[in-house]
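Take a look at the structure set out below.
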Amino acid sequence: MLVTNKILFNSKDAIGIFAHGTEGTDHALSRADDHDGQYQHVTELHPMGPVSHRTLVSLNGASELATGEADFFDSLTLAVYCVVQHCGKLKWAKRALLITDGTSPCNASDEEIDRICAEAAERDVKIEVYGIDFDPRHPPSEEEIEADGMDGGPATSRKQTCEVLQGLSDRLNTDGKER
């Protein structure tokens, strides 16, 4: 729906699409020599560019590709990187959208969170997160986490995701503005 709205109402926008949790790894940084081995299991389905019918075709198969696990913070880092690379120093509105079900692991350290927040703030990139089947602003209850059992499960993963997202929000909103 987000992409369809872009095609119909904001056709001058540019969009890039990554599938998170793919078996393989294929994106701009995976092809760079100095980032070897980082940002694994993320595949660029549509490079940053104008929204078109090709964008919708790229989106169609995205959910089938995302069958494994990947650190969702890697996807966010790549999204911010691509927005910054595409826009450069132009005064365009810049947004990185992360659409997640919250069950992927997130092993971001405080330093990594600080780094991506500093980059987003410096380059005026707004980060938006959309939860699928959960609200990223409200972590699962203790009862839901207990229901996951000893080995953890979706509620446990979502709690960790919500904690990282809250850390991002706190760092990005230090000046009182929504980012």
Handout entry: Flag, side chain of E112 to backbone of S109, donor-acceptor distance under 3.5 Å
Key = yes
Problem - S169 side chain to L165 backbone, donor-acceptor under 3.5 Å - result: no
Exercise for the section: Inspect the contact between D124 and R95 and indicate whether a charged nitrogen and a carboxylate oxygen are less than 4.0 angstrom apart. Expected result: no
Handout entry: Polar side-chain atom of H41 near backbone of E23 as donor-acceptor pair, under 3.5 Å
Key = yes
Exercise for the section: Quick one: closest heavy-atom pair of A96 and V80, and the distance? Expected result: CB-CG2, 4.1 Å
Handout entry: Joint cluster assignment, F134 & V129, ILVMFWY side-chain distance < 4.5 Å
Key = no
Practice task
Can you see which heavy atom on L168 is nearest to which on C117, and at what distance?
Solution key: CD2-SG, 3.4 Å
Handout entry: Heavy atoms from other residues, nucleotides or ligands near CZ of R115 exceed 12 (cutoff 6.0 Å)
Key = yes
Problem - Expected output: side-chain E144 to main-chain S141 donor-acceptor under 3.5 Å - result: yes
Practice task
Spell out, as yes or no, whether a donor-acceptor pair under 3.5 Å connects the side chain of H46 to the backbone of I15.
Solution key: yes
Exercise for the section: Check step by step if side chain to side chain contact (heavy atoms under 4.5 Å, CB included) holds for Y130 and L98. Expected result: CA-CA 6 Å; Y130 294 90; L98 177 65; over 6 Å; no
Practice task
Check whether any side-chain heavy atom of Y39 lies under 4.5 Å from a side-chain heavy atom of S75, and answer yes or no.
Solution key: no
Practice task
Would you check if there is a donor-acceptor pair between the side chains of D26 and T43 at a distance under 3.5 Å?
Solution key: no
Exercise for the section: For P139 and C162, work out which heavy atoms get closest and say how close. Expected result: CA-SG, 3.7 Å
Problem - Test item: R123 side-chain N/O and E119 main-chain N/O as donor-acceptor pair under 3.5 Å - result: no
